[in-house]
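Let me begin by presenting the structure, written as structure tokens, before commenting on it.
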Amino acid sequence: MGVRFCSKMLRATHGLWMERNNMLHLHAANSIRGLNNIAIQTAVSHQYNLGHEGMEEEDFYLLETDEDELMEETVEVIRGWMCEIMIARGDLASARLESLKDRGESTHVIPNLSAAEKRKYLDWRNVYLQRNN
């Protein structure tokens with residue numbers, strides 16, 4: 001009885017661990033891990049929603065790129081765009097922090113997502129997994 005129980009607990013624990021790894025390390029087409037992909041999408045959408053607010057006319061070209069096209073780029077291109085637009089808005093501190101986030105990609109820093117971002121991630125993950133099956 002005890003051996004079967006331990007075996008079931010090991011299988012359950014291993015299954016949970018595999019699901020956790022799948023959620024945290026699943027990559028999107030642009031090679032950004034899923035959780036980071038949602039956090040970046042939220043940040044990019046916020047910048048687009050701000051429109052030309054706080055920007056000089058010479059920087060309006062940054063918003064000419066289609067948001068969906070931008071999100072298909074590599075993480076370096078997306079973060080570079082984020083830094084540029086933050087600098088254009090005069091938010092140098094945020095631009096500096098954004099530039100440091102790339103380093104977090106290699107150290108597996110997991111972003112803290114809001115409830116809405118978590119739902120969006122799980123929706124994205126389900127669609128991604130269904131496409132690959």
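- Scanning all heavy atoms of the two residues, the minimum distance from Glu73 to Ile78 falls at O-CD1, 3.5 Å.
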Review point. Could you go step by step and tell me if Ile40 and Met71 meet the side-chain contact (heavy atoms from CB on, under 4.5 Å) rule?
Key: CA-CA 9 Å; Ile40 289 171; Met71 289 310 302; 3.9 Å; yes
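- Listed for the Arg79 side chain is no donor-acceptor partner under 3.5 Å among the backbone atoms of Glu98.
- Proximity of Glu67 to Gln47: side-chain heavy atoms (C-beta onward) are nowhere separated by under 4.5 Å.
- Here the shortest heavy-atom pairing between Cys83 and Ala95 reads SG-O, 3.4 Å.
- Taking the ring centroids of Tyr48 and Trp81, they lie under the 6.0 Å cut-off.
- Rounded to the nearest 0.5 Å, atoms NE2 (His52) and CG (Leu62) are 9.0 Å apart.
- In this structure, Leu63 and Gly51 approach most closely via the heavy-atom pair CD1-O, 3.1 Å.
- A distance of 9.0 Å separates CD1 of Ile85 from CG of Leu70, quoted to the nearest 0.5 Å.
- Here the CZ-SG distance, from Arg11 to Cys6, works out to 11.5 Å after rounding to the nearest 0.5 Å.
- Here the CD atom belonging to Glu53 is positioned 6.5 Å from the CZ atom belonging to Arg89, to the nearest 0.5 angstrom.
- Distance OG/Ser99 to CE/Met82: 11.5 Å, rounded to 0.5 Å.
- Phe60 and Met86 end up in the same hydrophobic cluster when Ile, Leu, Val, Met, Phe, Trp and Tyr side chains are linked at under 4.5 Å.
- Interatomic distance, Arg96 CZ to Ile87 CD1, rounded to the nearest 0.5 Å: 12.0 Å.
- Between the Asp59 side chain and the Met55 main chain, no donor and acceptor come within less than 3.5 Å of each other.
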